[in-house]
J.: 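Okay, handing you the structure first.
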Amino acid sequence: MNKLYDANLIYDAGTKAMSGSRFKYKTQLFEMTQLLQTAWIQDELMHGTYEPDPGAKFPINERGHSRYITSNLMKDKTVNHLLCDEVITPSIQKYLAYTNSASQKGKGVRFCRKHFEEDLRHYYMQEGANEGFVLFIDFSGYYGNIRHEQAIQTLEQFVEREQDPETAAIASWLIRKIFRTFELDVSRFTDEEIRAMEIQKVDPMLNRGVAPRLLTGRKMLRKGVDIGNQVSQDVGIVHPYEIDNYISIVRSCHLFGRYTDDTYIISRSRELLASILAGVKRIADRIGVIINERKTRICKLGSFYRYLQTGYSLTDTGRVIHKINPKGIARERRKLKAYKRKLDEGAMPYEDIENSFKSWIGSNWKTMSMQQISNMSLLYYQLFERRPKWKKHSRLRWLMGQPWRTSSSTGTISSAAPS
């Protein structure tokens, strides 16, 4: 039987879809009837009657940028897991660059940061100096401006190459069905404005607050993918594969990496990096990726620069300095004060506050100074009059309990005697 019709694989996909959200009412309803749901999904796939739902979209604000996050129905999450885990991901995996780090098992932000530091050290071992440059390339409005037809062709190209013809045909049908749910209603715009949207950057939230009577569905913009959909994750990592191949194969730059829409390339020659950037722009124009000119820049390795919200510098002795972005600390301090207000109003339980703070500091403490760790610990205690409880993290727990102070004469960090 075709793998996309296999009831065992559909059931396993449903189990994966439920993980992490079993506390939700709709997830529990799905789990109670999972065998029946599996039979229904199998029947719809085999008879070609499956129709994905657009899902519920809710806005979030992250570092001043508003965007939609999509929550799909459990049935659609099951189909997405089946399609991605069994067909799309295995088909594209071996064609991705090793340093393509997002949305893959065993990789992530930490992997990409670690590899960036390793590349800085490797450059120093090769050259014996920090006299070089790093090019940072940023894609503007990446997920919201991916052109559907080009993204679909890319996925179909790899699926047809790696899967049997029947599986590839069914996968192509499902991919096109799912991409229909990504389309943006632009009925209230003129044809001329829509043609401009197909080339220029589009805000995926342009319909926020618009009266429903204006969203008739007569004109749809086939651009952008939903954040929160598993198919979108695979699209995000494979869509600019030609840019990755151009950098690593055509231009033979091995000190490079990409995390979704953030790319770095390290070289001794500024002219070489400028030439690579020109080539990347040509490919980006062809595949519909928009380069963010403001964030795309060439920096000296010995200067201070930021990548993935962490500051870096390569010293003349080969040491890699990494520091947390100060804006991240200021943002967390504001968040803790907002949590305190919610706690006093009874709108938020203390357990959620503690888990949020432990998650944040557990992810960032290695890039923070001892003074910063102590100050955050002190603020937390002043606001909530208790300290976070740790089952592990003995080193972090010890650092948070130390009253560090900075010596005004030497500028060094020392530990004050406990009171």
J.: Can you name the closest pair of heavy atoms from I237 and R258 and give their distance?
T.: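 Distance-wise, the nearest heavy atoms are O-NH2, 2.7 Å.
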J.: Would you sort out whether T367 and Y312 count as a side chain to side chain contact (heavy atoms under 4.5 Å, CB included), showing the intermediate values?
T.: CA-CA 10 Å; T367 59; Y312 293 95; over 6 Å; no
J.: With a 4.0 Å cut-off, would you call E162 and K94 a salt bridge?
T.: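 Looking at K94 together with E162, the answer is yes, because their closest N to O distance falls below 4.0 Å.
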J.: If you count heavy atoms of other groups shown closer than 6.0 angstrom to OH of Y381, is the number above 12?
T.: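 No, because the 6.0 Å sphere around OH of Y381 holds 12 heavy atoms or fewer from other groups.
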J.: Is there a donor-acceptor pair closer than 3.5 Å between any side-chain N or O of S303 and the backbone N or O of K300?
T.: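 Yes, because the side chain of S303 sits within donor-acceptor range (under 3.5 Å) of the backbone of K300.
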J.: With a 3.5 Å distance limit and no angle check, can you tell me whether S313 reaches the backbone of G302 through a side-chain donor-acceptor pair?
T.: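 A pair under 3.5 Å: yes.
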J.: Checking side-chain polar atoms at under 3.5 Å, does D12 have a donor or acceptor matched by the opposite partner on T15?
T.: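 No.
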J.: Run the side chain to side chain contact (heavy atoms under 4.5 Å, CB included) test on V109 and Y259 for me, step by step, so that the C-alpha distance in whole Å, both residues' side-chain angles and the decisive distance to 0.1 Å come before the verdict.
T.: CA-CA 7 Å; V109 176; Y259 186 87; 3.2 Å; yes
J.: Is the side chain of N207 donor-acceptor paired with the backbone N or O of D185 at a distance under 3.5 Å, no angle test?
T.: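 Yes.
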J.: Is it the case that over 12 heavy atoms from other parts of the model lie below 6.0 angstrom from the NZ atom of K340?
T.: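 Counting neighbours around NZ of K340, more than 12 heavy atoms of other residues, nucleotides or ligands fall under 6.0 Å, so yes.
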J.: Are any side-chain N or O atoms of E193 and backbone N or O atoms of T190, one a donor and one an acceptor, separated by less than 3.5 Å?
T.: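 It does hold such a pair.
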J.: Does a donor on one side chain and an acceptor on the other come within less than 3.5 Å for S275 and R251?
T.: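 Yes, side-chain donor-acceptor contact under 3.5 Å.
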J.: Kindly say whether L314 contributes a backbone atom to a donor-acceptor pair with the side chain of N130 at under 3.5 angstrom?
T.: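 A pair under 3.5 Å: yes.
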J.: If you apply the rule side chain to side chain contact (heavy atoms under 4.5 Å, CB included), what do you find for E149 with R176, and how did you get there?
T.: CA-CA 9 Å; E149 198 55 43; R176 292 184 177 273; 3.4 Å; yes
J.: Less than 6.0 Å separating the ring centroids of F256 and Y264?
T.: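 No, ring centres 6.0 Å or more apart.
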J.: Looking at Y142 and H239, what are the two nearest heavy atoms and their distance?
T.: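 In terms of heavy atoms, the two residues are closest at OH-CB, 3.7 Å.
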J.: Counting only heavy atoms not in E131, do more than 12 sit closer than 6.0 Å to its CD atom?
T.: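 It does not: E131 CD has 12 such atoms or fewer within range.
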J.: Please walk me through it: do L273 and F136 pass side chain to side chain contact (heavy atoms under 4.5 Å, CB included)?
T.: CA-CA 10 Å; L273 293 179; F136 295 108; over 6 Å; no
J.: Is atom CD of E293 surrounded by more than 12 heavy atoms (other residues, nucleotides or ligands) closer than 6.0 Å?
T.: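 Atom CD in E293 is packed in, count exceeds 12.
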J.: Give a yes or no answer on whether the side chain of E183 reaches the backbone of R222 with a donor-acceptor pair at less than 3.5 Å.
T.: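 No: the side chain of E183 does not pair with the backbone of R222.
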J.: Ion pair present between D191 and K219, side-chain N to carboxylate O less than 4.0 angstrom?
T.: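 Between K219 and D191 there is a salt bridge, with a charged N closer than 4.0 Å to a carboxylate O.
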J.: Name the orientation class of the two ring planes belonging to Y380 and F357 (parallel below 30°, tilted from 30 to 60°, perpendicular beyond 60°).
T.: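 Correct class here is parallel.
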J.: Counting only N and O atoms by type, is there a donor-acceptor contact under 3.5 Å from the side chain of S369 to the main-chain atoms of Q372?
T.: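 Between the backbone of Q372 and the side chain of S369 there is a qualifying donor-acceptor contact (under 3.5 Å).
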J.: Could you tell me whether the side chains of Q230 and D234 share a donor-acceptor contact shorter than 3.5 Å?
T.: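 No pair is found: no donor N or O on one side chain lies under 3.5 Å from an acceptor on the other.
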J.: For M197 and V202, which heavy atoms make the closest approach, and how far apart are they?
T.: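 Heavy atoms of M197 and V202 come nearest at O-CG2, 3.2 Å.
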J.: May I ask you to decide whether K57 forms a salt bridge with D226, counting only side-chain N to carboxylate O separations under 4.0 Å?
T.: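 Between D226 and K57 there is a salt bridge, with a charged N closer than 4.0 Å to a carboxylate O.
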J.: Between E86 and K3, does at least one N-O distance fall below 4.0 Å, as a salt bridge requires?
T.: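 Here E86 does not pair with K3 in a salt bridge, since their nearest N and O are not under 4.0 Å apart.
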J.: With a 3.5 Å distance limit and no angle check, can you tell me whether E156 reaches the backbone of Q153 through a side-chain donor-acceptor pair?
T.: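 No; zero donor-acceptor contacts below 3.5 Å.
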J.: Hey, is E242 close enough to R286 for a salt bridge, meaning N to O under 4.0 Å?
T.: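 Salt bridge: yes.
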J.: Taking NZ, NE, NH1 and NH2 as the nitrogens, is one of them in K75 or E44 under 4.0 Å from a carboxylate oxygen of the other?
T.: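 Counted as a salt bridge, because a side-chain N and a carboxylate O are separated by less than 4.0 Å.
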J.: For Y246 and V280, work out which heavy atoms get closest and say how close.
T.: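 That would be CE2-N, 3.9 Å.
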J.: Using side-chain heavy atoms (C-beta onward) and a distance below 4.5 Å, is F179 in contact with V225?
T.: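 Result yes, sub-4.5 Å side-chain heavy-atom pair found.
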J.: Do you know which two heavy atoms are closest between G311 and R306, and how far apart they sit?
T.: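 Shortest heavy-atom separation between G311 and R306 comes out as CA-CG, 4.0 Å.
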J.: Between E332 and K337, is the closest basic N to carboxylate O distance under 4.0 Å?
T.: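 No salt bridge links K337 with E332.
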J.: Which heavy-atom pair separates Y68 from I227 by the least distance, and what is that distance?
T.: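 Nearest heavy atoms, Y68 then I227: O-CB, 3.9 Å.
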J.: Mark yes when over 12 heavy atoms from residues, nucleotides or ligands other than R180 sit less than 6.0 Å from its CZ; otherwise mark no.
T.: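 No - once you tally the heavy atoms of other residues, nucleotides and ligands closer than 6.0 Å, there are 12 at most.
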J.: With the threshold set at 4.0 Å, does a side-chain nitrogen-carboxylate oxygen contact exist between R113 and E117?
T.: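 No, R113 and E117 are not salt-bridged.
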J.: For F30, does the six-membered ring have the charged nitrogen or CZ of R22 within the cation-pi criterion, i.e. under 6.0 angstrom from the centroid and within 45° of the normal?
T.: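 Not flagged: R22 not positioned over aromatic ring of F30.
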J.: Mark yes or no for whether D203, through its side chain, and M205, through its backbone, hold a donor-acceptor pair below 3.5 Å.
T.: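 Present.
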J.: Determine whether more than 12 heavy atoms belonging to other residues, nucleotides or ligands lie under 6.0 Å from atom NZ of K327.
T.: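 Counting neighbours around NZ of K327, 12 or fewer heavy atoms of other residues, nucleotides or ligands fall under 6.0 Å, so no.
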J.: I'd like to know if E127 pairs up with R268 as an ion pair, taking the criterion as any Lys NZ or Arg NE/NH1/NH2 lying under 4.0 Å from an Asp or Glu carboxylate oxygen.
T.: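 Salt bridge present between E127 and R268.
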J.: Does a donor on one side chain sit under 3.5 Å from an acceptor on the other, for Q37 and T78?
T.: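 No, T78 and Q37 have no side-chain donor paired with an acceptor closer than 3.5 Å.
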J.: Pair N229, T70 - check side-chain hydrogen bond (donor to acceptor under 3.5 Å, both in side chains), show working.
T.: CA-CA 7 Å; N229 189 296; T70 301; over 6 Å; no
J.: If only atom types and distance count, is the side chain of K389 paired as donor or acceptor with the main-chain N or O of E354 below 3.5 Å?
T.: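 No, K389 side chain to E354 backbone: no donor-acceptor pair under 3.5 Å.
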J.: Can you tell me if R297 has over 12 outside heavy atoms packed within less than 6.0 Å of its CZ?
T.: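 Yes.
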J.: Does NZ or CZ of K107 fall inside the cone over Y98's six-membered ring, less than 6.0 Å from its centre and within 45° of the axis?
T.: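 Positive - K107 is close enough to the ring of Y98 and near enough to its axis.
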J.: If you measure only the distance, is there a donor-acceptor pair under 3.5 Å linking the side chains of Q233 and Q104?
T.: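 Distance-only check fails for Q233 and Q104.
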